[in-house]
Amino acid sequence: MENKFNIIWYNELDSTNSEALRHIDDFDNLSVIAAKCQSKGRGQRGNRWFSAPGENLTFSIVLKPGADGLRKISVRDYFDLNRVSSLSVVSFLSILGVDASVKWPNDIYVKNRKISGILIENSLAGEEIASSVIGIGINLNQTDFPELSNATSVKIITGNSFSVEDALELFCKEFGKTISLLGSNSLSETYEEKLFQKGRLCRYSDYIRDREFDGIIKGVTESGRLIVKEGEEERTYAFKEIGYIL
Ligand code: BTN
């Protein structure tokens, strides 16, 4: 697929995801809605996403599977979009000198600190994804996070600052490479290689059984459930059924 990203910069938006969703019919496949400042940045589980104006990347990529040579994506494979977006952030960060991993399903961590978050909002047509808004926040130049205790940034880790415009161009290149892996085994393999805490005995909250336990992440099922082993027992979890105790 030839990747023709169309990056549209705004000085301020409530949320790049909200803007993309409001005008989804007007935006072409691979439009990138980027804001220097978001007044109501949205995170997962109804949380807010805080980002100092002008310092970080906050943007949303509009995907229209089936358009411009982008393969169709069945609802069954929706987790592949988590894989593509998480791995794009990881490879982008690695170019900037940051070694990051994916805290399932799609938070990006460096050691025990969060450097990037992803909010994917899909609309469906029957059994297929008609459009997807992939909202990504990446902490680039911010060094002070008053609202957050576990945040980090590229600047904190490397000491270097980056232009947000150049950084977004670079990110789109990485995203273009990663999305071409859709439908291949190497997408899930690379995602698993980058999984935070995989293979290590760590403590988790099981929200279904209302208990904490020590377990080992073994991987992720094709449909995106987290596989965790406790002693001899292997269980799989959906989002919101398990929490990391860091
Ligand atoms: C999370 O980790 O909770 C997800 C955070 C997603 C934040 C990004 S910033 C750009 C896009 N617009 C939003 O309102 N949210 C996403």
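Just so you know, these numbers use all the heavy atoms, side chains as well, and skip hydrogens, waters and symmetry mates. The model shown is predicted, which means the values in this text are computed figures rather than measured ones. Remember, it's 1-based here, ligands and their atoms both numbered in the order they're listed.
Using a 30° and 60° split on the angle between ring planes, His23 and Phe27 fall in the perpendicular class, above 60°. By the 30° and 60° cut-offs, the orientation of the rings of Phe213 relative to Tyr237 is parallel.
Backbone and side-chain nitrogen or oxygen atoms of Gln44 are examined, and one is located within less than 3.5 angstrom of a nitrogen or oxygen of ligand 1. Checked by distance only, ligand 1 and Trp49 stay at 3.5 Å or farther apart across all their nitrogen or oxygen atoms.
Only the side chain of Asp107 comes within contact range of ligand 1, with a heavy atom under 4.0 Å; no backbone atom does.
The atoms of ligand 1 that sit less than 4.0 Å from any heavy atom of Gly43 are 1 (C), 3 (O), 4 (C), 5 (C). Within ligand 1, the atoms closer than 4.0 Å to a non-hydrogen atom of Phe59 are 10 (C), 11 (C), numbered from 1 in the order shown.
Residue contacts with ligand 1: Ile118 is included, with a non-hydrogen atom under 4.0 Å away.
Centroid-to-centroid, the aromatic rings of Phe175 and Phe92 stay 6.0 Å apart or farther.
A salt bridge is defined here as a Lys NZ or Arg NE, NH1 or NH2 lying under 4.0 Å from an Asp or Glu carboxylate O, and Glu241 with Arg209 fails to meet this definition.
The residue from Lys103, Arg42, Arg45, Gln38 that puts a heavy atom closest to atom 12 (N) of ligand 1 is Gln38.
The backbone N or O of Val228 sits nowhere less than 3.5 Å from a side-chain atom of Arg235 that would complete a donor-acceptor pair.
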